Amino acid sequence: MANINELLEELNPAQLKAVQHPPQIPLQILAGPGSGKTKVLTMRIAYLITYCHLPPSSICAVTFTNKAANEMRERLYKLLGKDRTSQIKMGTFHALCAMFLRRYSKTVGLDGNFTVCDADESKKMIAKLLKPYKELLTEKNMTLTENGALGFISKVKAKGWTADDARRYVEEMNALTPQERFVRTMGKFEPWEGEFGLILASVYKDYEKSLREANSVDFDDLLMFGVKLFAKHAKASSWCRHVLVDEFQDTNNMQYDLMVYIARASQCVTIVGDPDQSIYGWRSAEIANLGKMQQDFPATQQIYLEQNYRSTGSILALSLAIVSQDKGRIQKTLRASHAQGPPPVLRIFPIEQVEAAFIAAEIKRLVAFSGVRFNSLSRAIESALQKESIPNRVLAGHKFFERMEIKDVLAYLQLVDNPQYVPAFLRVVNVPSRAVGVKTINEITLRAQQLKISPLKVVERIVDGKIPDTKPPVKKKLASFVHTIRILRRHANGGIAPSKLINALVDSINYKEHLIKTQPDADSRWDNVQELVNFASEVEQNGPEDLVRRMFEADEALHEDVPENRDGEESQDDWEDGMHDFDGDQAEGLRASGDTPLRLFLQASMLSSDTETPEEEKSKEKVTISTCHAAKGLEWPVVMIPAVQSGVFPSTRAEDVDEERRLLYVACTRAKGLLYLTHTTARMMSGEFVPTHMSDFIGSLRDKKETRDLFTETLPSLPQPDRKTIATVTGRSLPDEAEVARRVSEYAKTARHPAWGDNAPFRETTMYTMDEDVVANWTPQSFPSVPLKTSGERNPAGGPGYRQDTVQPVSGPAAFSSSSSLLTTTQRAGVNTLICTTTTDGWSVQLKICCRQVHKQGVWRTAFDAGNQGKANASSSVSEPEHALTATVIGPLNERRAH
DNA sequence: AGATAGCACTTTTTT
DNA sequence: AGTGCTATCT
């Protein structure tokens, strides 16, 4: 175990002050990027335990992501040892609430086996609920999308309002005159006014009802029920003697309330935050919580951490200049600990493919990280990296758990744990296909409503012959389904490891075969299922149930207090029915505690974003592609931020421009040694080139004399002094001079882009519109006159979609026949697209995109293809026919012949 | 009931 | 620019 005294000596005065701050005086640590806040936070926890003698189980540490919680846990192992660390109540607000709600479910009117409903299922649920309102909405000439309704519900929930609260608010507002309303809302327009608002409130009510009926909660519910629990039940938080909240600037009202309630007994609070890094306003985060805390805890003191240990001086200077453009921000500074280093690079490119090629080429010289604004922007970069065979990984959030095959498996398990969870039932009744269609499902659902039991129950009873079969007969078709569920239920109640449960499931339903039959990429999907098994084993090894148990076992008060946690009537029924299926006795204890291995695994799957396999992945040197949001709290030696341009920074959809600027600030401050900002002059948006310009966040700095020199166009040549600086900043040893020379010459030999230092090749982009008569006389055959041979193949899976017809030119102009790449044509009803691509003269590459406008569904559309092999064509609406036909010539790209 | 083709919608960011 | 829903067909 590390010696804490020694570690305390390493801290700077401000850090030390923060760590040793008296626990009973509420503390705000305002910590700039790279100021060692995680270190301070973990040290403070260790300090509270070892010096202030707080029991570990009386400390609540809240992080923003579960990943951050795991990292902090790792650090604390070294300071406190595994035993004491595991008693600390640590996790996100969501995860902590989930754990408490399992224990106190009855107190807030939930069942202990509730399922956490993910955003995807929520959306499907809303879509279903919206249907009855469709007619009314069109009649009143209003539009309401799932996302609109979901956004409303989430916003309202962030205030802690139930559906009834929301309805009351809308009614109240509607009773006011427009002037009064204006005053009430402080001039802000709230789209949920009038009849529309009533509909929204009503949808929310339906949604709430559906969730409860399915014995499930969504992400926002976890917080809402958490608040309800702690507000109502003071003993639920009586164990707590100190609360620490990280990333406080990103907490919303519910989370703030949770903090206050958990701290109710002790009034001891430490928060760490940075208003400059507040980037979750769109998720109802409130920077104002900083001020609110000062009011609610009047003794609050602040400590500023402004010494930056992460980045070079020039990176900090630019970052600070960016964020300082926000005039309303709290004045704070950053002091560099390191040398100036090479200035950040700012470069311009015609289109994202070239931008990506540049990044890939530049990375060849550097171990780098690349931060993108949207996940959708990463595609070009990924493929460019692949072309250069640079290993990379995408810092993926939930993507893995959103895959169809993963959701299928999880749905079975959810259904086993929570028979009432209708979304899971609907997902898997017919997976693999059991010849159960919509009609049967509707019949079952109807019966379920009549009998006031879950659809699963209905099916079980039919199969058992307890109730008569439905009209499209179910008994035979669904016997295997019920059988599977019962096998799994028995295993689960016997406390089997979730990884084994998954194996039992895929065996029982022959899932692999099902994938092969229905999915063209069955192999990779099956790999994903195996990956899920791995994830499950990992969760088992880390022993979350053990961990959760230890978090709670020290709290005697809690044990006395656990309300009788019986399952609901519905499950009770299952219990009896399934009696012959499992030996219930040993399951009893687990059920009562609310933490079965299965339940914990499911919860981890829903709440975790930490999908990385630590050992093998982290040791490899890889380029990381991440969104700017996901990059928060992380750092890399080199950071490249593409698409720093209009429409992206700030996003066209953003409501808060200042927040967008802060996001760029967060991204820039991830860099230790080198920072690149690039942008393009055109961006492909839903099939059309839209001209873009440099982000104003950067442009305004470049246009001013005082700030112009904060960046450079020249690529860093990394002379020895710069190499030394970067080595220092990144904490790596200085590379050997001879080795550098050898690598540079090696690079020069193999580099496909020796000319990146020169801007010329990228400024030859032209976009123009073709003559109208060309448009008028265009036929698929006229340009070029190449007979095309098609070979359309249906999707072998039989599902929607088909392979694009890839054709070889049989004859034609030399330029085309000599082209080694593709000529693609797609013919879908009403859309004729001809794409001519890549001509090569050995010196340069020319990319031609030819498009044709087509009148379709009353609008003029442009049909074209960017020339990606095997990729589908795109079509998009355009207002004016004459703009529809465009040709873009880019080039010469680069490929210079070596002399 | 299942297959298919066309249509519509999204695409910010995450627990 | 890919995916999922729906109407229509088999």
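Excluded from the calculations below are hydrogen atoms, water molecules and symmetry mates; all remaining heavy atoms, backbone and side chain alike, are included. In this text, all values refer to a predicted model and were calculated from it rather than measured experimentally. Just so it is clear: chains get the letters A, B, ... in the order the sequence lines come, proteins before strands, and each one is counted from 1.
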Exercise. Taking the nucleotide of DNA chain B with the closest heavy atom to each, which residue, Glu659(A) or Ala435(A), is nearer the 5' end?
Worked result: Ala435(A)

For this session: Assign each of Phe64(A) and Asn430(A) to its nearest nucleotide of DNA chain B by heavy atoms, then name whichever residue's nucleotide is nearer the 5' end.
Result: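 Of the two residues, Asn430(A) wins.
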
Whole-Å distance separating the [atom1] atom of [X] from the [atom2] atom of [N]:
X: His94(A); N: dT14(B); atom1: NE2; atom2: C1'; answer: 9 Å
X: Phe401(A); N: dT15(B); atom1: CZ; atom2: C1'; answer: 13 Å
X: Lys124(A); N: dC5(C); atom1: NZ; atom2: P; answer: 7 Å
X: Lys123(A); N: dT10(B); atom1: NZ; atom2: P; answer: 7 Å
X: Lys67(A); N: dT15(B); atom1: NZ; atom2: P; answer: 10 Å
X: Met224(A); N: dT15(B); atom1: CE; atom2: C1'; answer: 16 Å
X: Asn442(A); N: dT6(C); atom1: CG; atom2: C1'; answer: 15 Å
X: Tyr280(A); N: dT15(B); atom1: OH; atom2: P; answer: 6 Å

Exercise. Below 4.0 angstrom, N of the basic side chain to O of the carboxylate: do Asp120(A) and Lys123(A) qualify?
Worked result: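 Lys123(A) and Asp120(A): not salt-bridged.
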
Problem set entry | Note: Asp250(A)-Lys632(A) ion pair, threshold 4.0 Å (strictly below) |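 Yes, Asp250(A) and Lys632(A) are salt-bridged.
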
Which of the following nucleotides, [options], is nearest to the side chain of [X]?
X: Glu660(A); options: dA1(B), dT14(B), dT12(B); answer: dT12(B)
X: Phe219(A); options: dA1(B), dT14(B), dT15(B); answer: dT15(B)
X: Thr65(A); options: dT13(B), dT15(B), dA1(B); answer: dT15(B)

For this session: Verify the ring-centre separation between Tyr665(A) and Phe697(A): is it less than 6.0 angstrom?
Result: no

Exercise. Would you say dA1(B) has OP1 or OP2 under 4.0 Å from some side-chain N or O of Ser433(A)?
Worked result: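 No, outside the criterion.
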
Exercise. Is the ring centre of Phe93(A) under 5.5 Å from the base ring centre of dT15(B), and are the two planes under 30° apart, so that they stack?
Worked result: no

Exercise. Any chance the side chains of Tyr280(A) and Thr251(A) put a donor and an acceptor closer than 3.5 Å?
Worked result: no

For this session: Assign the ring pair Phe601(A) / Phe535(A) to parallel, tilted or perpendicular, where the plane angle (0 to 90°) is split at 30° and 60°.
Result: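 Tilted: the ring planes of Phe601(A) and Phe535(A) meet at 30° to 60°.
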
